[in-house]
Amino acid sequence: MSSFSFQAPEFYRRHGYLDTGRREGIPGGHVDHHFWKSLRTDPAAAVRLVALVEFPADAVEAGQRYEDAVLALLGRHGGRVERRQRTGDGRTEVHLIRFDTRTGYDAFLVDPERVALRAALGDAAPQARVLEVHEV
């Protein structure tokens, strides 16, 4: 699947398509985004989460870098960020996250790289409240 930056790349991301590449240099300063989505995933098995993440006042930038790194690990476990929003002061983020399966979510929680990143931050690590949610 492909979508130019002036079309609907966010639509495809919201609907479970994963970024697989991009081509710069499209006339008008646009980008050609390439996506992929497995048709073998059972939507009923998906796990949807809302995470409210708060950064310590003295470690906002470190916390944001940590979230950037940790959220980048989601794909290896069948997860993806559907929305990521931040407050104006940068101290709090809200993430809407989807995993294709509970097994993927469980694997993400114990991912050694994720655990090491968190341990490296120590007291500067963000505090997160994670809620499992479903469509109503």
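The first residue of the sequence shown is numbered 1, and numbering continues consecutively from there.
- Applying the side chain to side chain contact (heavy atoms under 4.5 Å, CB included) criterion to His30, with sequence neighbours excluded, gives Ser5, Phe6, Ile26.
- Between Val81 and Arg83, the shortest heavy-atom distance links the atoms CG1-O, 3.2 Å.
- Side-chain contact between Phe55 and Glu61 is absent, with no heavy atoms from C-beta onward closer than 4.5 Å.
- We find that Glu113 and Arg76 are joined by a salt bridge, their nearest charged nitrogen and carboxylate oxygen being less than 4.0 Å apart.
- At least one side-chain heavy atom of Asp68 sits under 4.5 Å from a side-chain heavy atom of Arg84.
- For the pair Asp89/Val60, no side-chain contact is recorded, criterion being any heavy-atom separation below 4.5 Å from C-beta on.
- A single hydrophobic cluster is not seen to contain both Val53 and Tyr66; linkage of ILVMFWY side chains at heavy-atom distances under 4.5 Å, directly or through other members, places them apart.
- Summarising the geometry, atom CZ belonging to Arg22 is positioned 10.0 Å from atom CG belonging to Asp32; distances are rounded to the nearest 0.5 Å.
- The same ILVMFWY cluster, assembled from side-chain heavy atoms under 4.5 Å apart, contains both Leu73 and Leu109.
- Inter-residue side-chain proximity for Arg80 and Leu74 is flagged as unmet; no heavy-atom pair is nearer than 4.5 Å.
- Distance check, rounded to the nearest 0.5 Å: CZ of Arg91 to CD of Glu54 gives 7.5 Å.
- To the nearest 0.5 Å, atom CZ of residue Arg48 and atom CD of residue Glu82 are 7.0 Å apart.
- No single ILVMFWY cluster, assembled from side-chain heavy atoms under 4.5 Å apart, contains both Val47 and Leu96.
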Side chains of residues 117-132: which donor-acceptor pairs under 3.5 Å do they make with residues two or more places apart or in other chains?
from, atom 1, to, atom 2, distance (Å)
Arg118, NH1, Pro126, O, 3.2
Arg118, NH2, Pro126, O, 2.6
Glu132, OE1, Arg102, NH1, 3.3
Glu132, OE1, Arg102, NH2, 3.1
Glu132, OE2, Arg102, NH2, 2.6

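- Ring orientation note: the planes of Phe108 and His77 are nearly perpendicular, at an angle over 60° on the 30°/60° scale.
- With sequence neighbours excluded, no residue forms a side-chain hydrogen bond (donor to acceptor under 3.5 Å, both in side chains) with Thr20.
- The shortest non-hydrogen separation linking Ser3 to Phe35 is CB-CE1, 4.1 Å.
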Checklist entry - Where do Ile97 and Leu71 land on the side chain to side chain contact (heavy atoms under 4.5 Å, CB included) test, with the steps shown first? => result CA-CA 9 Å; Ile97 301 170; Leu71 293 173; 4.2 Å; yes
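- If you take CG on Leu49 and CZ on Phe99, they are separated by 6.5 Å, rounding to the nearest 0.5 Å.
- Within a 6.0 Å radius of CD in Gln7, other residues, nucleotides and ligands contribute more than 12 heavy atoms.
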